[in-house]
Amino acid sequence: MLIPHDTRIALDLVVDLMNTAPDGEPEGGGTPADGLADIAALHAFAGRHRVSGIGVLDQRDLKAVHDVRARFAEIFAAADARTAAELVNALVAAAGTTPQLTAHDGYDWHVHYFSPDASLADHLAADCGMALAFIIVAGETERLRRCEAPDCRNAFVDLSRNRSRRYCSSRTCGNRLHVAAYRARRREAAG
């Protein structure tokens with residue numbers, strides 16, 4: 001599947017945003033940590049992803065980004081492409097998309113789907129929503145996945161040729177499960 005650079009960046013951004021959500025059981029019990037718990041974390045997230053023109057962020061921005069993050073999770077969990085498309089359409093329409101060509105920060109021409117004065121939440125909803133729209137248009141919604149490791153529910157976009165990726169990271173989740181299975185087979189063979 002050929003994905004343009006700016007679409008790939010937006011897909012990475014939506015996955016990273018979704019993976020900031022508190023999900024599952026944290027080690028040691030307690031409440032799962034939210035990776036965007038406060039405005040400082042939101043600023044750091046925007047900085048890591050080189051989101052341009054965000055201006056001053058406040059509690060309204062934090063709540064709006066949390067809402068967008070939850071809507072992306074609904075899209076990843078959609079039962080079929082039609083449902084995913086309806087969710088993306090609603091998200092992108094609410095963001096008030098304004099497609100425009102731009103070149104900035106060392107990137108060649110690409111499309112922004114938000115107005116220059118858009119809020120961070122609208123920026124994320126429009127750009128990332130359109131990236132997900134391209135996945136739906138390509139008939140590839142099955143590529144929007146959650147990690148199959150029992151203790152991990154991280155989101156990822158499976159861009160492997162044969163759509164066979166099962167874990168958010170083969171180095172961590174995949175390797176950990178393979179090692180555990182190997183050790184279980186060894187114990188069974190020894191016992």
Side-chain angles (χ1 to χ4, degrees), residues 1-4 6-37 41-42 44-46 48-49 51 62-92 94-95 120-121 123-182 184:
M1 174 175 195
L2 182 64
I3 298 177
D6 54 326
T7 302
R8 176 61 191 257
I9 288 173
L11 290 171
D12 290 344
L13 180 56
V14 72
V15 164
D16 286 347
L17 176 63
M18 288 177 58
N19 291 338
T20 65
D23 191 34
E25 291 294 316
E27 289 184 26
T31 304
D34 188 331
L36 295 178
L42 187 59
F45 178 83
R48 270 192 318 276
H49 290 281
V51 178
L62 184 61
K63 181 182 179 338
V65 169
H66 285 176
D67 291 345
V68 167
R69 178 177 69 184
R71 293 180 79 183
F72 285 138
E74 291 174 10
I75 294 165
F76 268 64
D80 54 49
R82 179 171 299 285
T83 303
E86 290 169 358
L87 293 167
V88 167
N89 283 341
L91 179 68
V92 170
L120 177 58
H123 176 132
L124 295 171
D127 255 13
C128 296
M130 288 305 299
L132 293 173
F134 293 131
I135 295 292
I136 294 167
V137 166
E140 300 285 357
T141 55
E142 71 275 5
R143 291 182 182 274
L144 305 177
R145 298 199 176 153
R146 292 288 188 159
C147 184
E148 290 183 19
D151 58 345
C152 179
R153 295 296 301 144
N154 278 347
F156 67 93
V157 178
D158 178 4
L159 297 178
S160 66
R161 282 188 184 200
N162 60 0
R163 298 172 193 86
S164 62
R165 189 169 156 199
R166 297 175 50 208
Y167 307 110
C168 62
S169 169
S170 59
R171 286 187 174 157
T172 54
C173 291
N175 191 45
R176 186 170 22 95
L177 289 175
H178 291 292
V179 168
Y182 170 77

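Count residues from 1 along the sequence.
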Enquirer: Using 0.5 Å steps for rounding, measure from the CZ atom of Arg145 to the SG atom of Cys168.
Expert: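 Separation between the atoms: 13.0 Å.
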
Enquirer: So, does Asp127 use its side chain to make a donor-acceptor pair with the main chain of Ala10 at under 3.5 Å?
Expert: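 Side chain of Asp127 to backbone of Ala10: no pair is present.
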
Enquirer: How far does CE of Met130 sit from OG1 of Thr7, to the nearest 0.5 angstrom?
Expert: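 If we round to the nearest 0.5 Å, Met130:CE and Thr7:OG1 are 8.5 Å apart.
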
Enquirer: Nearest 0.5 angstrom please: Leu17 CG to Asp12 CG, how far?
Expert: 12.5 Å

Enquirer: Output the distance between atom CZ (Phe156) and atom CZ (Arg143), rounded to the nearest 0.5 Å.
Expert: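 It is 11.0 Å, given to the nearest 0.5 Å.
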
Enquirer: Show me the donor-acceptor pairs, under 3.5 Å and distance only, between side chains in residues 65-78 and residues at least two apart or in other chains.
Expert:
{"unit_1": "His66", "atom_1": "NE2", "unit_2": "Leu36", "atom_2": "O", "d": "2.7"}
{"unit_1": "Asp67", "atom_1": "OD1", "unit_2": "Lys63", "atom_2": "NZ", "d": "3.4"}
{"unit_1": "Asp67", "atom_1": "OD2", "unit_2": "Lys63", "atom_2": "NZ", "d": "3.0"}
{"unit_1": "Arg69", "atom_1": "NH1", "unit_2": "Thr20", "atom_2": "O", "d": "3.4"}
{"unit_1": "Arg69", "atom_1": "NH1", "unit_2": "Thr20", "atom_2": "OG1", "d": "2.9"}
{"unit_1": "Arg69", "atom_1": "NH1", "unit_2": "Asp34", "atom_2": "OD1", "d": "3.0"}
{"unit_1": "Arg69", "atom_1": "NH2", "unit_2": "Asp34", "atom_2": "OD2", "d": "3.1"}

Enquirer: Do Arg146 side-chain atoms and Glu148 backbone N/O form a donor-acceptor pair below 3.5 Å?
Expert: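 Here the side-chain-to-backbone pair does not exist.
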
Enquirer: Hey, does the side chain of Asp158 reach the backbone of Arg166 with a donor-acceptor pair shorter than 3.5 angstrom?
Expert: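 It does not hold such a pair.
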
Enquirer: Shortest non-hydrogen contact from Asn19 to Ala155?
Expert: OD1-N, 2.6 Å

Enquirer: Leu120 vs Val51, test: side-chain contact (heavy atoms from CB on, under 4.5 Å). Steps then yes/no.
Expert: CA-CA 8 Å; Leu120 177 58; Val51 178; 3.7 Å; yes

Enquirer: What heavy-atom pair brings Ala41 and Gly35 nearest, and what distance separates the two atoms?
Expert: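 For Ala41 versus Gly35, the nearest heavy atoms are CB-O, 3.5 Å.
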
Enquirer: Testing the basics here: between Gly139 and Glu142, what is the closest heavy-atom pair and its distance to 0.1 Å?
Expert: O-OE1, 3.6 Å

Enquirer: In Å, rounded to the nearest 0.5 Å, how long is the span from CZ of Phe134 to CZ of Arg8?
Expert: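 CZ of Arg8 is found 15.5 Å from CZ of Phe134.
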
Enquirer: Distance-only check: which donor-acceptor pairs under 3.5 Å involve side-chain atoms of residues 82-90, not counting sequence neighbours?
Expert:
{"unit_1": "Thr83", "atom_1": "OG1", "unit_2": "Asp80", "atom_2": "OD1", "d": "2.8"}
{"unit_1": "Asn89", "atom_1": "ND2", "unit_2": "Ala85", "atom_2": "O", "d": "3.4"}

Enquirer: Quick one: list whatever passes ring pair (Phe, Tyr, Trp, His ring centres under 6.0 Å) with Phe45, sequence neighbours left out.
Expert: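 Once residues adjacent in sequence are excluded, the partners of Phe45 under the ring pair (Phe, Tyr, Trp, His ring centres under 6.0 Å) criterion are His49.
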
Enquirer: Measuring from atom CG of Leu11 to atom CD1 of Ile135, what distance do you get when rounded to the nearest 0.5 angstrom?
Expert: 5.0 Å

